[in-house]
2 protein chains.
Amino acid sequence: MRLISQGAQYAISAIIAISKHAEDGAVSASYLSKSLNCPTAYLSQILAKLKKPGILKSQRGLNGGVYLSKDIDSITMMDVIAAIDGTEFFDKCFMGIEGCGHIEPCPFHHFWSVERKKIQRWLESTTFAEVDEKMTQAWFDLRLQFSSGVPSLSR
Amino acid sequence: MRLISQGAQYAISAIIAISKHAEDGAVSASYLSKSLNCPTAYLSQILAKLKKPGILKSQRGLNGGVYLSKDIDSITMMDVIAAIDGTEFFDKCFMGIEGCGHIEPCPFHHFWSVERKKIQRWLESTTFAEVDEKMTQAWFDLRLQFSSGVPSLSR
DNA sequence: TTAAAATCTAATATCAATATTAGATTTTAA
DNA sequence: TTAAAATCTAATATTGATATTAGATTTTAA
C-alpha cells in the first residue's frame, strides 16, 4: 500500500536538491545520490526519465550532470510523478475494476473519485517553488543528509 | 502507484460475495474464485489471512468453505485492508521519510496528513452493510461475473 | 468404507519494481 | 594528448507481490 514509487520519491528529492544548486550549473548524479542516500546508477535512470518531459537537461563529460530545463515555479509535483510512475492511478478504480464508473460504481467509487481528484488537483497545482518556500531548512538537513545549510559542491 | 494491493481487492470482493450467501452456510474458495475471476489457491491464502482477525471462519471437508464470523455491519473496509496489507501506509510519510512529522515536515506533509486521515476515517467507518445498501445490482453483476442476480451455489 | 470435495500448508514459479554491474561514450582540465 | 569525471545504455541481480503446484488433512454423502 503506497501512493508513489520509490523512484518518484527519489525524483522529487532530487529536483529539490538540484534547484538548490541552480546557480552552480550542472549537478552530478553521484553527488545527488550521496545527498539523497540512494544508489547512483539507479538515480541516473530516474533522472533520464525526467529529461523526456523537459524537466531536466543533462551535460556529459567532466563537470557535467543535470540541471533544470525550466523554472521551479513551472514544475509541478504531478509533472515529476507522471514522468516516473505515469498517470494510470488517476484514471483507475480503487478496486482495479474496469467497468467501474458513475453508472456502475464500485463500493469505493463515490468516495474515492472525490478524494482522488483532490489529490490530483493538489499535485497538479503545487510547484517546486512553493515547496521551497514552505519547507523548513530542518527538512532539507534531514532529507538531503547535509549537516547544515546547502553544502558546496566540493568537486 | 496504487493504494491497496490486488490481494486486498480480492478480499473485499470476496466478503461481498460471501455476505450474499450468509444464509447458505459455508462458501468454497473455488466457487468464490470463479465468481471473482481470480486464482483459487491464491484466494485461499487471502481468505486465510481474514481468519486471524476474526472476520471469517472456515469449515473443512465436503460442503465446507468460509463464512462470516460476525455481522457485516461490524466489518469495516479498514478491517479487511489491515488484515491483508497492514496499516503501515497510514503512519507513513508520502515521501517515505523517517523523520517526517509536524516539526520537520516533508513537502507533502501538511496536505497529505489531512487527506490520508480522511481516507483512514472513511475506511474505518464504512462497513460492508453500507456497501451492500448503496451498491447497485449492476455492480455485483459486473464484479462478481454473474449473469444476473445472486446465483445459486449449484454444488 | 470410500471417494469426492473441501481446507490448509509449504514449496516453488512468475513478474514488476528496485538495484547493481559493466562498459561505451563524451567532455574537459591539466 | 591523456586521464579523470561524468552521462548513457544494456544486461543482469535482487526483492517482494502475485500466482501456481503439490500434496497432506478433514469431512461427509453415498
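All values below come from the heavy atoms of this structure, side chains included, with hydrogens, waters and symmetry mates left out. Residue numbers begin at 1 in each chain, while the letters A, B, ... track the order of the sequences.
Taking the six-membered ring where the residue is Trp, B:W112 and B:F89 present perpendicular rings, their angle passing 60° and hence far from 30°.
Straight-line distance from the CG atom of B:N63 to the P atom of C:dT7: 11 Å, rounded to whole Å. Atom CD of B:Q6 and atom P of D:dT20 are 11 Å apart (whole Å). Straight-line distance from the CG atom of B:N37 to the P atom of D:dA19: 11 Å, rounded to whole Å. Between B:I18 atom CD1 and C:dT7 atom P the separation is 10 Å, expressed in whole Å. Going from atom CG of B:L62 over to atom P of C:dA6 covers 7 Å, rounded to whole Å. Rounded to whole angstrom, the span from the CD atom of A:Q59 across to the C1' atom of D:dC8 amounts to 13 Å. If you take NZ of B:K57 and C1' of C:dC8, they are 18 Å apart, rounded to a whole angstrom. Between A:Y31 atom OH and D:dT7 atom C1' the separation is 18 Å, expressed in whole Å.
Nearer to the 5' terminus of DNA chain C, by closest-nucleotide assignment, is the contact made by A:C38 (compared with the other of A:C38 and A:G61).
Remark: A:S30 pairs with A:S28 by the side chain to side chain donor-acceptor pair (under 3.5 Å) rule, at least two apart or across chains. Taking A:S44 as the reference, nothing meets the side chain to side chain donor-acceptor pair (under 3.5 Å) condition, with sequence neighbours excluded. Remark: A:K118 engages A:E115 in a side chain to side chain donor-acceptor pair (under 3.5 Å) (not counting sequence neighbours).
Scanning both residues, A:N63 and A:A26, for their nearest heavy atoms gives O-CB, 4.1 Å.
Note on B:F94 and A:F90: same hydrophobic cluster, where clusters join Ile, Leu, Val, Met, Phe, Trp and Tyr whose side-chain heavy atoms are under 4.5 Å apart, directly or indirectly. B:Y67 and B:L47 sit in two unconnected hydrophobic clusters of ILVMFWY residues. Membership requires side-chain heavy atoms under 4.5 Å apart, directly or through other members.
Ring centroids of A:H21 and A:Y31 are separated by less than 6.0 Å, placing the two rings close together.
A close approach under 4.0 Å does occur between a side-chain nitrogen or oxygen of A:S58 and OP1 or OP2 of D:dC8.
Within a heavy-atom distance below 4.0 Å of DNA chain C, the residues of residues 39-54 of chain A found are A:P39, A:A41, A:Y42, A:Q45.
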Side-chain atoms of residues 49-61 of chain B: list all donor-acceptor pairs with protein atoms under 3.5 Å, sequence neighbours left out, distances to 0.1 Å.
unit_1: B:K51; atom_1: NZ; unit_2: B:S58; atom_2: OG; d: 2.9

**Message:** Dot-bracket, 5' to 3', for DNA chain C please: Watson-Crick or G-U pairs under 3.5 Å, [ ] where pairs cross earlier ones, | where the partner sits on another strand, dots elsewhere.
**Reply:** ||||||||||||||||||||||||||||||
